[in-house]
Amino acid sequence: MAEQKYVSLQQDSGKINGNVEISHQVIEILLGIATNQVDGVYEMRGTISSRIDSLFGRINHGKGVDVSFNDDKISADVYVYLEYGVSIPKVSLEIQKSAIEQLEFMTDLDLSEINVHVVGLIAKKETGEIERVTTDKKE
């Protein structure tokens, strides 16, 4: 079965003809930006290619977000690194709230579920160095 690439929005105005389709990548970007804006999120999990892209100044706002479509339901998995010392349950709840609100505001789509995966913590030392504490095998 082919992966669904677009989600179609329903038009409720009888005067306008045409379709509105939103790419799954746009939804990933939207959720990635919403997640990054939550206090306590240090960064999203990336891949080797997204790290290489960042060296050349290209930012992938959709990194660390996987979106799937089942029937008319949209679900998302978000992979994040949090700052050491934050409340993981509180930050995770804020990520879920922010993602749901932004997706609904910008697209009128409802997220059926959003799973937050904390893949590591970032500890800042007094010297200004950053220590990455992770068990993520995909790092």
> When you look at Leu121 and Tyr42, which way does the side chain to side chain contact (heavy atoms under 4.5 Å, CB included) test go after all the steps?
Replying inline: CA-CA 8 Å; Leu121 298 173; Tyr42 185 81; over 6 Å; no
> What distance separates Glu101 CD from Met106 CE, expressed to the nearest 0.5 Å?
Replying inline: 13.5 Å
> So how far is it from Thr35 OG1 to Gln96 CD, rounded to the nearest 0.5 Å?
Replying inline: 10.0 Å
> Which heavy atom of Ser112 sits nearest a heavy atom of Lys73, and at what distance?
Replying inline: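 Of all heavy-atom pairs spanning Ser112 and Lys73, the closest is OG-CB, 3.7 Å.
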> Closest heavy-atom contact between His24 and Phe69?
Replying inline: CB-CE1, 3.5 Å
> Should the ring pair Tyr79 and His117 be called parallel, tilted or perpendicular, given that the plane angle runs from 0 to 90° and is split at 30 and 60?
Replying inline: parallel
Partner set under side chain to side chain contact (heavy atoms under 4.5 Å, CB included) for [X], not counting sequence neighbours:
| X | answer |
| --- | --- |
| Val38 | Val41, Val91, Glu94, Ile95, Ser98 |
| Glu113 | Ser75, Asn115 |
| Leu111 | Leu31, Ile74, Ala76, Ile100, Leu103, Ile114 |

> Do Val118 and Leu93 sit in the same hydrophobic cluster, where Ile, Leu, Val, Met, Phe, Trp and Tyr count as joined when their side-chain heavy atoms come under 4.5 Å apart?
Replying inline: no
> Quick one: does Val80's side chain get under 4.5 Å of Met44's, heavy atoms only?
Replying inline: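 Val80 reaches Met44 side chain to side chain.
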